Novice: 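Pasting a structure below so you can have a look.
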Amino acid sequence: MGTRPLFQRGTGGILSAVEDHLRIFLQKMKDEDLSGLLRFNSPAQYIGGEMNSVRKSEDNLKKFLLVNCSPYRMAADSLGGRIIYNLINRRKDAVCERAFLPEEDRMKYLFDKDEKVLSLESRQPAEKFDFVGFSFSSRFAVLNIPRMFRLLGIDRFERGRAEPIVTAGGVAAGNFVPFEGFFDFFVIGDGEGVLDSIFDIYEKGMKKKAFLEKISSLPGIFVPRISARVKKIAVPLKSENYPVKPIVPNIRTLQNRLDVEIMRGCPNNCRFCEAKRFYSPLRVLPPDEVEGIVRESVKNTGYGSVSLASLTTAQYPRILELIDRLIPFLRSRAVSLQIPSLRPNRTSFNCVMKILELNQVNLTFAPETFSEKLQNTIGKITDFAEFEKVIRDLKSAGFRDFKLYLMVGLPRETDVDIDETILAVKRLAKIGMRITVSISPFVPAPHTSFEREKFCGEEIIKNRIRRIKNRLRGIRVRTPDFNFMKIEALFSRGGVEVFEAFRAMKGDEPFFFESWRRKMADKGIDIDEYIGRNFSGSLPWDKIEI
């Protein structure tokens, strides 16, 4: 295999600064440390040494390896990961380093050579750390647990005294039962509220059982075989918890921007939304503190784009004021501003028009349905008359296209509801803008009002989508991957039965849906019947209160 360039072009306005920083870093590395990496795609993702990364060499530090089960290009600029990294590394007695799932070419090489994934900062194996912490921002990342354990070189089930304590957290841990047996403890909710307590309790050389017993009484902590229940921990937002010198990845990432959280939680009451429940209650960072974080972070990174992150950014209480405060600084730096999570209303239109001077805006709206009955059912109301007028005004402002996210398979949904949505989309199309419709299946999520609802199944969803596509000819309609839909349902609604199949997965076995079907069948479970089962009595996730 031929060698590849170390740097992948196209990292935006930060490219020059990243290259300059890396060249200095690489001068300190031995040639043999790099020669083996040049055969892989985007080798710079494996060398570490990024701008603003932290290296500590003091003895007796409490060492934490932050692991992401997604590749570097997808997860290196994760906001949650950056917060954890900052919280731990600001302690004088601790250090946090990082590891990511390698891409397929390097993963195959590591399996073939029986080599391990090393930390990016000190190039140490997981066994050299006191803690290994998995961060799960999606349930699809959970699928890579067996491969990640194998790559890290730590046992999935029977870890001895000399092996690290393994923990997990993130929104996917809202139902950790399908993968509970892999971990020593879970953090449910805001890590900011409990990380310091965990490190205060831990002492080097401490017996694992004694440590787990002590932390089991902390808020937001669940220790398998010790804890009976866990209640999510939620703490106020504090600007000092946000890094103003976040790590700048070595290669272009999926987002390739600076995310700044302005609000956690959501003011809406969508009855289907697990994220609303997981991140509640609503907490808001004041505009002056947001502005301070943006200014310092841009200066310390050179990012060319800033995104104001939350579940529903346009509903931040003082969003227009915040945009006005940021524009002069961002304009002077030629930095763009992104407002994700637009609502189909006038406030979103005003946000879009304000940031037009900084950048082009991609319009994306998620009404889910235009059926009045279903809107009342799911608790997400869209005033269609207002939405239609907003789209007309956007067209007059020069916009040519927008995206619509719709959901099918909702509770009490009928063909009449689907037809009502189709007619609404047709009316919007007559305005003259190009529409792309993305359709997602409704999967009843744990901890929501619909957690006991029956998943309607593949055939019903396919019929609904077919009906939409046939009647929206000329409009681009994107459809879901039905196998991944089933896996999402399996892990969001699964119990210990899923873990029993999960533990049978080999560490070097890539994900194939049919392999999952076989593993479940070996346990006497049909996936389609299991994800569509009726819930009565206790629920698998009853011990988790969010």
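Since we're looking at a predicted model, the values are computed, not measured.
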Novice: May I ask you to decide if C266's main-chain N or O and K276's side chain share a donor-acceptor pair within less than 3.5 Å?
Specialist: yes
Novice: Identify whether the distance between the nearest side-chain nitrogen and carboxylate oxygen of R91 and D200 falls below 4.0 Å.
Specialist: yes
Novice: Do F131 and F211 have ring centres separated by under 6.0 Å?
Specialist: yes
Novice: Under 3.5 Å, is there a donor-acceptor pair linking the side chains of S280 and K232?
Specialist: yes
Novice: Under 3.5 Å, side-chain donor or acceptor atoms of residues 168-191 against the rest of the protein: list the pairs with distances, not counting sequence neighbours.
Specialist:
{"residue": "N175", "atom": "OD1", "partner": "V177", "partner atom": "N", "Å": "3.3"}
{"residue": "N175", "atom": "ND2", "partner": "S492", "partner atom": "O", "Å": "3.2"}
{"residue": "N175", "atom": "ND2", "partner": "G494", "partner atom": "O", "Å": "3.1"}
{"residue": "E180", "atom": "OE1", "partner": "K543", "partner atom": "NZ", "Å": "2.8"}
{"residue": "E180", "atom": "OE2", "partner": "K543", "partner atom": "NZ", "Å": "3.4"}
{"residue": "D184", "atom": "OD1", "partner": "R159", "partner atom": "NH2", "Å": "3.3"}
{"residue": "D184", "atom": "OD2", "partner": "R159", "partner atom": "NE", "Å": "3.4"}
{"residue": "D184", "atom": "OD2", "partner": "R159", "partner atom": "NH2", "Å": "3.4"}
{"residue": "D184", "atom": "OD2", "partner": "V166", "partner atom": "N", "Å": "2.8"}
{"residue": "D190", "atom": "OD1", "partner": "R264", "partner atom": "NH1", "Å": "3.0"}
{"residue": "D190", "atom": "OD2", "partner": "V235", "partner atom": "N", "Å": "3.0"}
{"residue": "D190", "atom": "OD2", "partner": "R283", "partner atom": "NH1", "Å": "2.4"}

Novice: Quick check: do V67 and L101 have side-chain heavy atoms less than 4.5 Å from each other?
Specialist: no
Novice: Tell me whether N300 contacts the main-chain N or O of V244 through its side chain, where contact means a donor paired with an acceptor under 3.5 Å.
Specialist: yes
Novice: Does any pair with a residue in residues 212-227 pass side-chain hydrogen bond (donor to acceptor under 3.5 Å, both in side chains), and if so which ones, sequence neighbours excluded?
Specialist: none
Novice: Check whether NZ of the Lys or CZ of the Arg R257 lies under 6.0 Å from the centre of the six-membered ring of Y303 and within 45 degrees of that ring's axis.
Specialist: no
Novice: Are F40 and Y109 near enough that their ring centres are under 6.0 Å apart?
Specialist: yes
Novice: Using a distance-only test with no angle check, is there a side-chain donor-acceptor pair under 3.5 angstrom linking S42 and E103?
Specialist: no
Novice: With a 3.5 Å cut-off and no angle check, do the side chains of E289 and S239 form a donor-acceptor pair?
Specialist: yes
Novice: Establish, for the pair K62 and Y202, whether the NZ or CZ atom is under 6.0 angstrom from the six-membered ring centre and no further than 45 degrees off its axis.
Specialist: no
